[in-house]
Amino acid sequence: LAGRRILVTAGPTRESIDPVRYITNHSTGKMGYAIARVAAYRGADVTLVSGPVDLKPPMFVDVVPVESAREMFEAVTSRSGEMDMIVKSAAVADYRPSTVGTEKIKKSDGDLSIALERTDDILGWLGQNRRDGQFLCGFSMETENLLENSRAKLAKKNADMMVANNLKEQGAGFAGDTNIVTIITGDSVKELPLMTKEETAGQIIDEILARL
Ligand code: CTP
């Protein structure tokens with residue numbers, strides 16, 4: 001991968017409700033960090049745009065820390081023009097609170113509803129604004145209809161590849177050090193067995209390289 005520029009996103013985003021609380025998800029960033037690390041070992045010039053995670057920054061990787069989906073959008077879209085490959089493994093919030101209180105919300109006796117608005121779809125934007133020859137790989141986490149839903153995302157977001165995993169499978173998904181993924185392109189489906197996230201990262205990179 002020497003001479004190739006890769007941007008990887010990883011981790012969750014945090015969407016503030018008020019100065020005290022936020023909305024987030026269970027992503028730990030392990031899969032994205034493994035991809036960044038393996039790509040750097042192989043000689044790529046790696047930028048890692050990372051949501052808040054509890055992981056050591058990989059060596060020889062340019063880490064750009066962000067918090068919200070909006071910050072991730074800015075960090076990614078301001079750099080995407082220079083990249084040969086973009087791997088979007090971050091679990092970006094699809095919604096954020098429509099207004100963010102400047103003061104802490106105080107409780108009252110009744111229930112509380114929080115109005116949410118859509119965030120920008122970063123991968124969708126990249127699919128619409130990509131430069132010639134740039135490879136786009138998204139991730140798809142599902143609890144049902146894995147193939148069907150992931151194929152729909154591949155087409156909708158104009159990506160070259162989706163790495164799909166079923167959250168309900170033992171050994172796949174968040175937090176653990178293993179994953180079971182299916183690599184989907186326009187004309188292929190490849191199911192990988194249970195592997196460490198590091199091994200999975202190597203396979204994903206191999207699949208991308210085979211198509212460049
Ligand atoms: N993604 C993104 N920006 C968002 C939401 C998601 O770039 N605002 C990217 C993720 O990084 C991932 C891919 O889109 O690579 C799939 O995300 P997912 O949330 O699973 O797909 P959605 O199309 O949002 O579908 P749904 O939430 O309905 O399952």
Side-chain angles (χ1 to χ4, degrees), residues 6-16 22-36 39 46-53 64-81 83 85-98 116-130 134-169 172-175 179-186 189 197 200-201 203-205 207-208:
I6 305 187
L7 187 145
V8 182
T9 70
T13 63
R14 267 183 197 169
E15 309 303 325
S16 287
Y22 54 80
I23 297 172
T24 189
N25 59 66
H26 290 294
S27 172
T28 59
K30 283 183 175 177
M31 193 62 243
Y33 273 58
I35 294 169
V46 184
T47 303
L48 174 60
V49 176
S50 174
V53 297
V64 181
V66 297
E67 288 221 341
S68 63
R70 184 171 277 155
E71 284 174 18
M72 187 170 281
F73 181 87
E74 299 288 327
V76 171
T77 57
S78 63
R79 291 169 175 82
S80 59
M83 300 295 163
M85 302 173 224
I86 302 179
V87 182
K88 284 240 59 217
S89 59
V92 187
D94 289 320
Y95 293 90
R96 69 175 151 244
S98 319
L116 301 175
E117 64 183 18
R118 286 291 306 272
T119 56
D120 293 311
D121 187 331
I122 306 168
L123 184 57
W125 187 95
L126 293 170
Q128 297 305 316
N129 295 278
R130 73 161 104 195
Q134 185 178 64
F135 194 94
L136 281 184
C137 173
F139 269 66
S140 169
M141 183 168 266
E142 299 288 347
T143 53
E144 55 184 3
N145 305 326
L146 181 72
L147 270 186
E148 194 185 323
N149 288 345
S150 304
R151 279 212 182 98
K153 283 180 203 173
L154 179 78
K156 185 170 168 222
K157 301 189 185 215
N158 193 28
D160 299 296
M161 182 182 282
M162 291 300 284
V163 178
N165 65 72
N166 184 341
L167 199 51
K168 288 189 174 164
E169 253 181 298
F174 294 128
N179 213 348
I180 307 167
V181 304
T182 302
I183 298 178
I184 301 165
T185 65
V189 174
K197 286 187 172 170
T200 306
Q203 297 268 333
I204 292 168
I205 290 171
E207 291 294 323
I208 295 175

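All values below come from the heavy atoms of this structure, side chains included, with hydrogens, waters and symmetry mates left out. Remember, it's 1-based here, ligands and their atoms both numbered in the order they're listed.
Among all heavy-atom pairs drawn from K197 and M31, the shortest one is O-CE, 3.3 Å.
Within a 6.0 Å radius of OH in Y22, no more than 12 heavy atoms belonging to other residues, nucleotides or ligands are found. Atom CZ of R130 is surrounded by more than 12 heavy atoms from other residues, nucleotides or ligands within 6.0 Å.
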Table of N or O contacts for ligand 1, cutoff 3.5 Å:
| residue | atom | partner | partner atom | Å |
| --- | --- | --- | --- | --- |
| ligand 1 | 3 (N) | I122 | N | 3.0 |
| ligand 1 | 7 (O) | K88 | NZ | 3.0 |
| ligand 1 | 7 (O) | I122 | N | 3.4 |
| ligand 1 | 7 (O) | L123 | N | 2.8 |
| ligand 1 | 8 (N) | T119 | OG1 | 3.4 |
| ligand 1 | 8 (N) | D120 | O | 2.9 |
| ligand 1 | 11 (O) | K88 | O | 3.3 |
| ligand 1 | 11 (O) | A90 | O | 2.8 |
| ligand 1 | 14 (O) | K157 | NZ | 2.8 |
| ligand 1 | 15 (O) | K88 | O | 2.7 |
| ligand 1 | 15 (O) | F139 | N | 2.8 |
| ligand 1 | 15 (O) | F139 | O | 3.3 |
| ligand 1 | 20 (O) | K153 | NZ | 2.7 |
| ligand 1 | 21 (O) | K153 | NZ | 3.3 |
| ligand 1 | 23 (O) | K157 | NZ | 3.2 |
| ligand 1 | 24 (O) | D94 | OD1 | 3.2 |
| ligand 1 | 24 (O) | D94 | OD2 | 3.4 |
| ligand 1 | 27 (O) | D94 | OD2 | 3.0 |
| ligand 1 | 29 (O) | K153 | NZ | 3.4 |

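Paired with M83 under the rule side-chain contact (heavy atoms from CB on, under 4.5 Å), one option of V8, I6, T47 passes, and it is T47.
With N179 contributing its side chain and G173 its backbone, the two residues share a donor-acceptor pair below 3.5 Å. Between the side chain of E142 and the main chain of S150, no donor-acceptor pair closer than 3.5 Å is present.
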